Undergrad: 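There's a structure below that I have some questions on.
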Amino acid sequence: MRVSQMFIPTLREVPAEAEIASHQLMLRAGLMRKLAAGIYSYLPLGYRTLRKIEQIIREEMDREGAQELLMSALLPAEYYQQSGRWEVFGPEMFRLKDRHERNFCLGPTHEEIFTETVKNEVKSYRQLPLILYQIQTKYRDERRPRFGVMRSREFIMKDAYSFDRDEKGLDESYQKMYRAYCKAFDRMGLDYIVVDADTGAMGGSGSQEFMVKSDVGEGVIAFCDACGYAANDEKARCVPQEALRDEENKPLEKVRTPDVKTIEELTDFFGCSPKLFAKTLIYKADDKVVAVMVRGDRDVNETKLQNLLGCIELEMADAHTVREITKAEVGFAGPIGLDIDILVDLEVANMKNFIIGANETGFHYKNANIGRDFKATMVEDLRKIVEGDACPQCGHPIKTAQGIEVGHIFKLGTKYSKALQCTYLDENGKEQVMVMGCYGIGVNRCMAAVIEQNHDENGIIWPVSVAPYHVIIVPVNTNDEVQMGIAEEIYKKLQDAGIEVMLDDRNERPGVKFKDADLIGIPVRITIGKKAKDGIVEYKLRKEKEAEEKTVQESIDSAVQYIRDNL
RNA sequence: CGGGGUUUAGCGCAGUUUGGUAGCGCACAUGGUUUGGGACCAUGGGGCCGGGGGUUCAAGUCCCUCAACCCCGACCA
């Protein structure tokens, strides 16, 4: 298309609201504009890329035998009420009423609706397995939308659901989706890793996330270079690193510790490492109050804790509750004399003669020992992994990195099919519950992730597969008839070859056109300048620094070849 | 939801301390000169200074209030 007729509102300056590269570039390159916090409009260039990403996903899903359909984003409440998620989602869900005061929501995800549809239509084992998907806008009223399209309130998601006769079938469907995801992300040019993930509120037996390594990612990944173990930090298992200290049990000793509350203050006061402390944290899990003990320098992994307790709400208890339970000011909680459940981290169970709070303001105990001085209700892995911890698989030091979650695959099992009675009849005419999986890809997030991984100081560097256009032709001087003649010739020939091509026919100075071409990141640029009269043009790849001189025909051939090789 | 910040032309910002009727750069329009990395000259258009209320002869500026947006945190398939 001719650039003079296109709607590409590029910005010279960086909008104040944009913090990260992808957000800044999506605004500057005229791909999108903000309507409200976490809500964006896609402009023509951005929408072209978005559709290409969708198409790649679509092709890879179809290749594995999944079938596309489309459901409404506006959904009646009853399905979510049946599964219990009307409550679970809480304020995250956009809710509304129709004129008859009936409850509706804007779909945050569609497990219930797919399950309901399949339940009504599928009756026999002969109709299974089935994988259905859609590419559709989802709505979540995020507490804090941020980083542009990375965490927004309206976003496009490819969500797929598999229905199988049994676990074995689920494993196969899961593998199909795994393959489709790998191929789709490869084609988008994303550098990603697959990590084990927690199944969380979704329930189910297994889950993996596709993470694009990036400093702006909100997820933390723990991985091992030695054996390939990779998990997100919620899921990563922690194994105790230090063996039981070979030391006699010393007698318990109460120590006066006025105004010594935090672990830092305790470290100073006792003059020893925080590894010799066990901190006792009071949590509120739904209506129950529990104590959790981890080593002084560790953090509680609330996901692990939540899974262990099977609760919906989990938060640190407020100061009032802590005082009531421990009979002491915050900062002096300890396990001795508490009459609530005491959940102890594996590592603490390995400690000897350690320091704990005394449940009395201004006092701690020295030389505490589990078993002798107090009893643990449960000993479990409850802490958060940190860089340098031993890999749970091979023992090598773990590394951590941040990542953008672009895809998530789940073995749901029968959670939803049971709740909604989604069943089929097997060969024996016996009723069985279907076994489900669900699989999501954040389409807009993929777009932002591609930009995060493919840009420089001048703008976006689109991979050919998702570039809004493949080639941009830049005649330096539009008043020069020779230049324009050649530009038109190349334009037409590339179009005839099926290449998506832009012709920058604006009567602008060359600098402006070059800056715009770089900013919007078109993979191939053909510049027609002074040597046009000799039939020589300039051929430049966006990702390369230098341009090459070619004849008109060579430049056309090179462009066609390059695009075909990289699609 | 807690803490901090911002809101003045399409974008980026100054002006608020000390109240006196709104400004700069870019962008836009017209004419001209220019044409290899965001040109130059001239002319011009565009703002209920986030909303509401108050103080005052007079409010972008002071007071009260509401809101939107951004950042940090908490939270999150």
Side-chain angles (χ1 to χ4, degrees), chain A residues 9-20 23-24 27-28 30 33-39 85 88-93 107-112 138 140-148 150-153 155 157 159-161 197-204 206-210 218-219 232 234-235 302-303 306 312-316 318 405-412 415-416 437-442 445 457-459 474-480 483-484 504 506-519 525 527-532 537-538 540 545 547 549:
Chain A
T10 57
L11 302 174
R12 256 178 219 220
E13 289 174 279
V14 180
E17 68 192 45
E19 181 106 323
I20 64 170
H23 190 191
Q24 293 176 351
L27 294 171
R28 283 194 60 211
R33 287 292 183 262
K34 184 175 74 172
L35 270 183
I39 301 177
R85 291 209 294 182
V88 171
F89 266 107
E92 293 275 285
M93 190 145 73
T109 173
H110 280 165
E111 280 76 12
E112 285 84 349
K138 302 280 189 241
R140 293 183 197 179
D141 196 357
E142 294 283 350
R143 286 191 192 180
R144 177 139 114 83
R146 64 179 127 182
F147 296 151
M150 286 286 184
R151 175 159 298 260
S152 52
R153 296 194 292 173
F155 56 99
M157 179 154 122
D159 52 324
Y161 305 86
D198 183 70
T199 50
M202 298 293 295
S207 165
Q208 286 168 298
E209 286 172 348
F210 290 73
E218 297 185 76
N232 74 17
E234 295 178 337
K235 177 75 177 179
E302 297 190 354
T303 304
Q306 187 162 14
I312 292 171
E313 297 269 336
L314 180 72
E315 55 179 7
M316 294 276 283
D318 53 82
E405 180 190 345
V406 290
H408 201 156
I409 55 180
F410 262 102
K411 290 183 183 174
L412 283 177
K415 173 172 170 156
Y416 293 94
C438 76
Y439 317 89
I441 292 180
R445 210 181 253 188
E457 66 281 4
N458 293 316
V474 181
V476 167
N477 186 346
T478 46
N479 296 323
D480 182 322
Q483 289 184 20
M484 280 311 286
D504 197 345
R506 294 176 298 170
N507 184 17
E508 284 285 356
R509 294 176 65 83
V512 172
K513 300 193 202 185
F514 293 146
K515 287 285 185 192
D516 272 346
D518 286 350
L519 180 59
R525 188 180 84 198
T527 306
I528 297 114
K530 291 207 176 74
K531 294 192 179 168
V537 301
E538 216 174 86
K540 182 181 174 300
K545 242 193 155 39
E549 290 191 347

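All values derive from a computational prediction rather than experimental measurement.
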Undergrad: With side chains defined as the heavy atoms from C-beta onward, is the minimum distance between T527(A) and K513(A) less than 4.5 Å?
TA: no
Undergrad: Thinking salt bridges, do E218(A) and R146(A) make one under a 4.0 Å N-O criterion?
TA: yes
Undergrad: Applying a 3.5 Å limit to both distances, which nucleotide forms a Watson-Crick or G-U wobble pair with U6(B)?
TA: A68(B)
Undergrad: Roughly how many Å apart are C62(B) and U16(B), using the C1' atom of each and rounding to a whole number?
TA: 10 Å
Undergrad: In whole angstrom, give me the gap between the P atoms of A68(B) and G52(B).
TA: 16 Å
Undergrad: Any side-chain heavy atom of T109(A) within less than 4.5 Å of one from R85(A)?
TA: yes
Undergrad: With a 3.5 angstrom cut-off on both distances, give the Watson-Crick or G-U wobble partner of G23(B), or none if there isn't one.
TA: C13(B)
Undergrad: C70(B) P sits how many Å from R153(A) CZ, rounded?
TA: 9 Å
Undergrad: Measure from CZ on R151(A) to C1' on G73(B) and round the result to the nearest Å.
TA: 14 Å
Undergrad: Is R144(A) side chain donor-acceptor paired with the C76(B) base, going by distance under 3.5 Å alone?
TA: no
Undergrad: Could you work out the separation of C24(B) and C41(B) based on their P atoms and round it to a whole Å?
TA: 15 Å
Undergrad: Rounded to whole Å, how long is the line connecting atom CD of E142(A) with atom C1' of C70(B)?
TA: 17 Å
Undergrad: Between C69(B), G12(B), G73(B), which one does the side chain of A16(A) approach most closely?
TA: G12(B)
Undergrad: Would you indicate whether the side-chain heavy atoms of K415(A) and E111(A) approach each other to under 4.5 Å?
TA: no
Undergrad: Assign P108(A) to base, sugar-phosphate, or nothing according to its heavy-atom contacts below 4.0 angstrom with the strands shown.
TA: base
Undergrad: Measure CZ/R146(A) against C1'/C69(B) and give the value in whole Å, please.
TA: 15 Å
Undergrad: Given the P atoms of G23(B) and G31(B), what is the spacing between them in whole Å?
TA: 27 Å
Undergrad: Across nucleotides 25-38 of chain B, 5' to 3', mark each nucleotide with B, S or - according to how protein heavy atoms within less than 4.0 Å reach it.
TA: BSS------BBBBB
Undergrad: Which heavy atom of L11(A) sits nearest a heavy atom of P15(A), and at what distance?
TA: CD1-CG, 3.6 Å
Undergrad: Give the rounded distance in Å between these two atoms: CD of E92(A) and C1' of C1(B).
TA: 12 Å
Undergrad: Quote, to the nearest angstrom, the P distance that separates C66(B) from C72(B).
TA: 26 Å
Undergrad: With both distances under 3.5 angstrom, what nucleotide forms a Watson-Crick or G-U wobble pair with A58(B)?
TA: none
Undergrad: Which base sits across from C75(B) as a Watson-Crick or G-U pair, both distances under 3.5 Å?
TA: none
Undergrad: Report which part of the nucleic acid V14(A) touches: base, sugar-phosphate, or nothing (heavy-atom distance under 4.0 Å, all strands).
TA: sugar-phosphate
Undergrad: Take atom CG of D141(A) and atom C1' of C1(B), then tell me their distance rounded to the nearest Å.
TA: 13 Å
Undergrad: Can you list everything that forms a salt bridge (Lys or Arg N to Asp or Glu O under 4.0 Å) with E549(A)? Sequence neighbours excluded, please.
TA: K531(A)
Undergrad: Would you kindly compare G38(A) and Q306(A) by the position of their nearest RNA chain B nucleotide and give the one closer to the 5′ end?
TA: G38(A)
Undergrad: Can you tell me, in whole Å, how much space there is between the C1' of U65(B) and that of C75(B)?
TA: 30 Å
Undergrad: Which nucleotide sits closest to the side chain of F147(A): C76(B), C72(B), C70(B)?
TA: C72(B)
Undergrad: Using both distances under 3.5 Å as the test, list the Watson-Crick or G-U wobble partner of A39(B), or none.
TA: U33(B)
Undergrad: Roughly how many Å apart are C70(B) and G32(B), using the C1' atom of each and rounding to a whole number?
TA: 44 Å
Undergrad: Does the distance from a Lys or Arg side-chain N to an Asp or Glu carboxylate O, for D198(A) and K235(A), drop under 4.0 Å?
TA: no
Undergrad: Would you mind classifying the nucleic acid contact of M316(A) as base, sugar-phosphate or nothing, using non-hydrogen atoms under 4.0 angstrom?
TA: nothing
Undergrad: Any side-chain heavy atom of R525(A) sitting closer than 4.5 Å to one from D518(A)?
TA: yes
Undergrad: Would you mind pulling out the nucleotide paired to G45(B), Watson-Crick or G-U wobble, both distances under 3.5 Å?
TA: none
Undergrad: Could you give the distance separating U55(B) and U43(B) at their C1' atoms, to the nearest angstrom?
TA: 43 Å
Undergrad: So, is R143(A) close to the G73(B) phosphate, meaning a side-chain N or O under 4.0 Å from OP1 or OP2?
TA: no
Undergrad: Side chains of R144(A) and R151(A): does their closest heavy-atom pair fall under 4.5 Å?
TA: no
Undergrad: Rounded to whole angstrom units, what separation is found between the CD atom of Q24(A) and the C1' atom of C70(B)?
TA: 13 Å
